[in-house]
Amino acid sequence: MPIRINDDDLLLIIDVQNDFCPGGALAVADGDAVVPVINHLAEQFAHIVLTQDWHPSGHSSFASSHPGAAAFEGIAMPYGQQTLWPDHCVQGTPGAAFHPRLQTERAEMIIRKGFRTEIDSYSAFYENDRRTPTGLSGYLRERSLRRIFLAGLATDFCVYYSAVDARRLGFDAVLVEAGCRAIDLAGSLSAAWVGMEAAGVQRVNDLAKA
Ligand code: VGL
Ligand code: ZN
């Protein structure tokens with residue numbers, strides 16, 4: 001049954017930035033493969049929002065900010081457990097820019113996240129304390145946008161957290177798998193699928209071309 005895209009549906013494009021693509025500081029395998037898929041998807045939507053991971057240098061999610069710690073280790077932060085990452089998506093750097101072939105012109109808003117030094121933000125809706133809002137849910141409600149299609153990077157971190165939060169906030173959420181790629185760190189991808197299923201996130205491979 002092909003899904004019909006309506007005028008009150010939103011495409012939420014997560015973190016399609018150079019640092020998450022091959023050659024980037026936190027490259028996701030095959031990450032740039034999502035670009036043509038998402039560009040094509042976007043043609044079908046009246047509403048598009050982009051997210052942009054946007055860290056100050058010295059961000060607390062960077063392993064380099066924790067002497068003796070290594071990237072991809074976990075660490076306890078005041079707000080909970082946090083994975084440490086290589087320095088990535090530093091504000092204003094080429095790595096933080098959107099992939100050059102991502103079509104961004106029709107996006108009506110860009111949500112930047114992770115811009116506070118002391119807290120990371122995977123989700124487009126909440127920072128990693130799971131309580132501090134980004135404002136996206138208020139925006140969507142005011143605009144009467146109710147169903148959110150998600151694609152981007154990475155499936156098991158920012159896409160996953162965004163999809164689960166969308167459900168938690170009462171939106172319908174549909175993950176478009178062909179438009180996502182994963183980091184897959186210590187079982188994170190299978191955990192993400194389980195979490196999304198439990199949250200009622202719908203999963204489709206691609207949208208049938210209208
Ligand atoms: C992401 C790790 C750190 C993501 C962002 O976009 O999935 N992952 N920052
Ligand atoms: Zn980040």
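FYI, the numbering just counts along the sequence from 1. It should be emphasised that the depicted structure is a prediction, and the values quoted were computed from it without experimental measurement. Counting convention: from 1, in listed order, for ligands and their atoms alike.
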What atoms of ligand 1 come within less than 4.0 Å of a heavy atom belonging to Ala154?
4 (C), 6 (O), 7 (O)
Would you say Cys158 has any N or O atom under 3.5 Å from an N or O of ligand 1, going by distance alone?
yes
Within a strict 4.5 Å, meaning less than it, do heavy atoms of the Lys113 and Thr51 side chains meet?
yes
Is it possible for you to check whether Arg168 lies under 6.0 Å from the centre of the six-membered ring of Phe125, through NZ or CZ, and within 45° of that ring's axis?
no
What residue and heavy atom of the protein are closest to atom 6 (O) of ligand 1, and at what distance?
Asp15 OD2, 2.6 Å
Could I get the full list of side-chain contact (heavy atoms from CB on, under 4.5 Å) partners for Ala173, not counting sequence neighbours?
Leu150, Ala166, Arg167, Val201
Suppose we screen for salt bridge (Lys or Arg N to Asp or Glu O under 4.0 Å). Which residues come up paired with Arg130, at least two apart in sequence or across chains?
Asp165
Distance-only donor-acceptor check, side chains His47 and Glu108, under 3.5 Å
yes
Polar contact flag for Ile14 and ligand 1 (N/O pairs, less than 3.5 Å):
no
What I want to check is whether the side chains of Asn128 and Gln82 have a donor and an acceptor closer together than 3.5 Å.
yes
At a cut-off of 2.8 Å, protein N/O/S around the Zn ion (ligand 2) gives Asp53 OD2, His55 NE2, His88 NE2
Starting from atom 5 (C) of ligand 1, find the nearest protein heavy-atom neighbour and note its residue, name and distance.
Asp53 OD2, 3.2 Å
Distance from Asp9 atom CG to Phe45 atom CZ, nearest 0.5 Å?
6.0 Å
Residue list, salt bridge (Lys or Arg N to Asp or Glu O under 4.0 Å) with Glu43, at least two apart or on another chain:
none
Looking only at protein heavy atoms, what sits closest to atom 2 (C) of ligand 1 is Trp85 CE2, 3.4 Å
List ligand 1 atoms under 4.0 Å from Leu153, heavy atoms only on the residue side.
4 (C), 6 (O), 7 (O)
Please confirm whether His88 approaches ligand 1 to less than 4.0 Å, judged on its heavy atoms.
yes
Heavy atoms from other residues, nucleotides or ligands near CG of Asn205 exceed 12 (cutoff 6.0 Å):
yes
Measuring only between side-chain heavy atoms, which start at C-beta, is Asp120 closer than 4.5 Å to Trp85?
yes
